[in-house]
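The structure appears right after this line, and notes come after that.
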Amino acid sequence: ETLDKGLEKSKSSFFSKMSKAVAGKSKVDDEVLDDLEDVLVSSDVGVATTIKIINRIEDRVAKDKYLGTDELNKILREEIAGLLSETNSGNATDFTVPNKKPYVMMVVGVNGVGKTTTIGKLANQFKSRGLKVVLGAADTFRAAAIDQLQVWAERTDVPIIKQSMGSDPASVAFDTVQNAVKMDADVVLIDTAGRLHNKVNLMKELSKVKRVMQKVIPDAPHEVLLVLDGSTGQNAFEQAKQFTAATEVTSLAVTKLDGTAKGGVVIGISDQFQIPVKYIGVGERVEDLQVFNKFEFVDSFFK
Ligand code: GDP
């Protein structure tokens, strides 16, 4: 229900464009496919992924020459869910973490995408499921980042490990995992700085943060979650490109889908970078961060 509401803009935009694409047509032909291609690209699915989807539908049209336009939505749903399966997107079923103690998540992304909010919402979800959570304020570049994380720590009543602004992010990360082990924590969420204008520094900083926490937990971080603002379209693609070049990103959170008509970005980014989408943000309330379910997503989108 929250999801349907959160995707309302995407859905109504897609629906009206699709209705135009198939208006007066009973059968899926080349013209319908061309129009569908435009609809997908304009929903920010991305050109490469759109072509992939169109090719798959063409294959089905080749097999079934009288494929009706009334079946198009159903077929799209199937093909897109299949595509997302290939990246393992939508396989997470709830707010739990694998059995590693503590399970260390390093959270990356540029300022303003909803990184802090996502960490706070995750902390809340994990905590309410009985997991012991610790936050690490390793975005030491901006005082506001530390303060904001502190606010979430208080709001969710979970401990936060921090140092002063300007201190070494790797040192904060080290302190955080060390304390987490001492406190017998289940989940560690480490916020990091995302300054893309200096790519070499970003890469160095993230590798150092990883290296240093591995002194305490050799296989940490167990997850590197990249947070992207879904309402920024091509910028989100560009950020995914830069972060995946700087560090190994293992999962995605796509936020602010409630504020955009171009929710297709979720499909394109996951496919293009072959990284699973694990969480989506469809609003500002805690419950608006959802575990991404590909079937619910495509159903909301294409119903
Ligand atoms: P950060 O700089 O990346 O840490 O970004 P913040 O976490 O401070 O978020 C920036 C703004 O985006 C805040 O006002 C959040 O409330 C808002 N925000 C985060 N996620 C969502 C979402 O899924 N939907 C909406 N509408 N707003 C969001």
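Note that the structure is predicted; figures quoted are calculated from it, not measured. First listed ligand is number 1; within each ligand, the first listed atom is number 1.
Contacts between Asp288 and ligand 1, counted as non-hydrogen atom pairs separated by less than 4.0 Å, are absent for every part of the residue. Heavy atoms from both the backbone and the side chain of Thr117 come within less than 4.0 Å of ligand 1. Contacts between Val110 and ligand 1, counted as non-hydrogen atom pairs separated by less than 4.0 Å, involve the backbone only.
The heavy-atom pair separating Ala185 from Val134 by the smallest distance is CB-CG2, 3.6 Å. Nearest heavy-atom pair, Met165 versus Arg142, reported as atom, atom and distance to 0.1 Å: CG-C, 4.1 Å. Looking at every heavy atom in both residues, Ile161 comes nearest to Val172 through O-CG1, 3.8 Å.
Using a cutoff of 4.0 Å between basic side-chain nitrogens and carboxylate oxygens, Asp184 and Lys132 are not scored as salt-bridged. Ion pairing between Arg60 and Glu78 holds under the 4.0 Å rule for side-chain N and carboxylate O. Comment: Glu248 does not engage Lys210 in a salt bridge, judged by the lack of any side-chain N to carboxylate O separation of less than 4.0 angstrom. The pair Lys17-Asp38 fails the salt-bridge criterion, with no side-chain N (NZ, NE, NH1 or NH2) lying under 4.0 Å from an Asp/Glu carboxylate O.
Asp219 CG: more than 12 foreign heavy atoms inside a 6.0 Å radius.
Within the structure, the closest approach of Asn111 to ligand 1 falls below 4.0 Å when heavy atoms are considered. In this structure, Gly259 has no heavy atom closer than 4.0 Å to ligand 1. Residue contact annotation: Gly283 has a non-hydrogen atom under 4.0 Å from ligand 1. Residue Asp229 places no heavy atom under 4.0 Å from ligand 1.
Any N or O atom pair closer than 3.5 Å counts here, and Thr255 shares no such pair with ligand 1. Note: an N/O pair closer than 3.5 Å links Glu284 and ligand 1 by distance alone.
When hydrophobic clusters are built by joining Ile, Leu, Val, Met, Phe, Trp and Tyr residues whose side-chain heavy atoms come closer than 4.5 Å, directly or via intermediates, Val39 is grouped together with Ile54.
Residue, atom and distance of the protein heavy atom nearest to atom 5 (O) of ligand 1 are Gly114 N, 3.1 Å. For atom 8 (O) of ligand 1, the closest non-hydrogen atom on the protein side is Gln148 NE2, 3.0 Å. Protein heavy atom nearest atom 11 (C) of ligand 1, with residue, atom name and distance: Lys256 NZ, 4.0 Å. Gly112 N, 2.6 Å is the protein heavy atom nearest to atom 2 (O) of ligand 1. Of all protein heavy atoms, the one lying nearest to atom 24 (N) of ligand 1 is Asp258 OD1, 2.9 Å. What sits closest to atom 3 (O) of ligand 1 on the protein, heavy atoms only, is Lys115 N, 2.8 Å. Residue, atom and distance of the protein heavy atom nearest to atom 4 (O) of ligand 1 are Thr116 OG1, 2.4 Å.
In this pair, Phe292 and Phe297 present their aromatic rings perpendicular. The plane angle is above 60°, beyond the 30 to 60° band. Taking the six-membered ring for Trp and thresholds of 30 and 60 degrees, Phe273 and Phe237 have ring planes inclined between 30 and 60 degrees apart.
Applying the 4.0 Å criterion to heavy atoms of Gly281 picks out, from ligand 1, the atoms 23 (O). The contact set between ligand 1 and Val282, taken as ligand atoms under 4.0 Å from a residue heavy atom, comprises 23 (O).
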